[in-house]
Amino acid sequence: MIFEEERLELGGREILLRSPKEEEAEMLLEYLKTVTGETRFLMCESDEVTYSAENELEFLKSHNESENEMMIMAFVDGEYAGNCAFEMVTSSRRNHHRASVGIALFLKYTGFGLGRLLMERLLARIDEAGYEMSELTVVGGNDRAYHLYESLGFKECGRIPNANKYDDGTYADDILMVRVRP
Ligand SMILES: CC(C)(COP(=O)(O)OP(=O)(O)OC[C@H]1O[C@@H](n2cnc3c(N)ncnc32)[C@H](O)[C@@H]1OP(=O)(O)O)[C@@H](O)C(=O)NCCC(=O)NCCS
């Protein structure tokens, strides 16, 4: 699915939201390596991002071309700031009503409302696409993300204690959150 380009202002900055272009695969891969290194709240360590630019290209093409997947990229004053995306949780027919959601911004673009803006746009598209539920996992301690999701209608529905063990020996929970289409 293609997100129709949108331009707006947020906190005095110019925002552009749009779907990815095929020539941005390499940039998206570099972004993934950077953001996973900036926070302990994403799915893996930076050195574990082993996708190739070809994998990334397939990923973005499938999101643009599919009827039930979408990626929205955000640019702030012309610079790439991060993205959010949804896809089916699994390809099994019995799971077709469940969308899996992900979002990550570069650290320098966090904290001024861009995450909320992106999530609002994404959830509207998820609802329009016919999904009944949106799901995500948030790492315990990621209070900003938890607050954001809760304020958008997600509810905590399970927690795996110490699901994440970091290289420094510390742990963090995985919290499962679900939003039912209003
Ligand atoms: C999580 C993330 C997407 C949120 O986006 P953001 O643009 O930084 O967040 P926003 O500025 O839109 O703020 C979201 C809300 O959290 C609130 N908030 C900020 N810091 C907070 C904290 N420490 N505790 C609780 N709430 C907090 C904000 O006040 C805002 O709420 P409000 O709109 O009701 O005032 C973004 O920070 C990010 O990409 N982080 C790194 C990767 C990540 O953690 N991804 C999510 C994985 S589940």
Side-chain angles (χ1 to χ4, degrees), residues 3 6-18 20 24 27-49 51 56 59 63 69-89 98-126 131 133-167 170-179 182:
F3 183 84
E6 181 181 350
R7 288 174 192 274
L8 67 155
E9 207 188 275
L10 181 69
R13 306 189 205 191
E14 260 181 45
I15 310 294
L16 166 65
L17 306 179
R18 64 160 170 79
E24 290 169 332
M27 182 183 88
L28 283 165
L29 190 59
E30 288 310 310
Y31 142 86
L32 206 52
K33 288 180 187 165
T34 301
V35 289
T36 48
E38 287 181 332
T39 171
R40 49 194 257 143
F41 298 138
L42 291 171
M43 72 288 189
C44 65
E45 302 298 332
S46 181
D47 61 7
E48 294 174 303
V49 177
Y51 315 109
E56 190 59 43
F59 183 81
H63 279 68
E69 300 180 359
M70 179 183 273
M71 185 197 289
I72 310 175
M73 294 173 79
F75 295 80
V76 176
D77 294 330
E79 258 191 65
Y80 177 51
N83 75 59
C84 62
F86 68 82
E87 51 273 324
M88 275 178 190
V89 291
R98 297 168 55 196
S100 169
V101 173
I103 180 168
L105 306 177
F106 285 118
L107 188 60
K108 69 186 266 206
Y109 293 114
T110 60
F112 80 103
L114 186 58
R116 176 176 295 284
L117 177 72
L118 276 170
M119 284 297 294
E120 284 172 354
R121 297 299 186 276
L122 196 77
L123 290 172
R125 296 311 180 285
I126 288 174
Y131 286 105
M133 296 159 65
S134 304
E135 304 175 20
L136 51 81
T137 300
V138 57
V139 173
N142 194 355
D143 298 336
R144 176 156 53 194
Y146 188 97
H147 169 85
L148 174 64
Y149 303 146
E150 207 176 31
S151 72
L152 291 169
F154 284 86
K155 289 193 168 46
E156 179 173 336
C157 63
R159 186 181 279 256
I160 303 176
N162 293 344
N164 303 280
K165 184 175 182 182
Y166 297 92
D167 292 342
T170 58
Y171 295 86
D173 298 349
D174 269 350
I175 304 165
L176 311 179
M177 298 187 84
V178 173
R179 168 188 174 270

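When a ligand or atom number is given, it counts from 1 through the structure's own listing order. The residues of the chain are indexed from 1 along the displayed sequence. Remember, it's a predicted structure, so these values are computed and weren't measured experimentally. Quick note: numbers below take in every heavy atom, side chains included, and nothing from hydrogens, waters or symmetry partners.
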Sequence-distant partners of Thr170, side-chain hydrogen bond (donor to acceptor under 3.5 Å, both in side chains), two or more places apart
Arg40, Asp168
Using 4.0 Å as the upper bound for N to carboxylate O, is an ion pair formed by Arg18 and Glu24?
yes
salt_bridge(Glu120, Arg125) N-O dist < 4.0 Å:
no
Can you label the angle between the Phe75 ring and the Tyr80 ring as parallel, tilted or perpendicular, going by 30° and 60°?
tilted
For residues 147-156, which residue pairs qualify under salt bridge (charged side-chain N to carboxylate O under 4.0 Å, His left out), counting only residues two or more places apart or in two chains?
Glu156-Arg159
Hey, which residues fall under 4.0 Å of ligand 1 on heavy atoms?
Phe41, Leu42, Ile103, Ala104, Leu105, Thr110, Gly111, Phe112, Gly113, Leu114, Gly115, Arg116, Thr137, Asn142, Asp143, Arg144, Ala145, His147, Leu148, Tyr149
Non-neighbouring partners of Tyr146 that pass ring pair (Phe, Tyr, Trp, His ring centres under 6.0 Å), sequence neighbours left out:
none
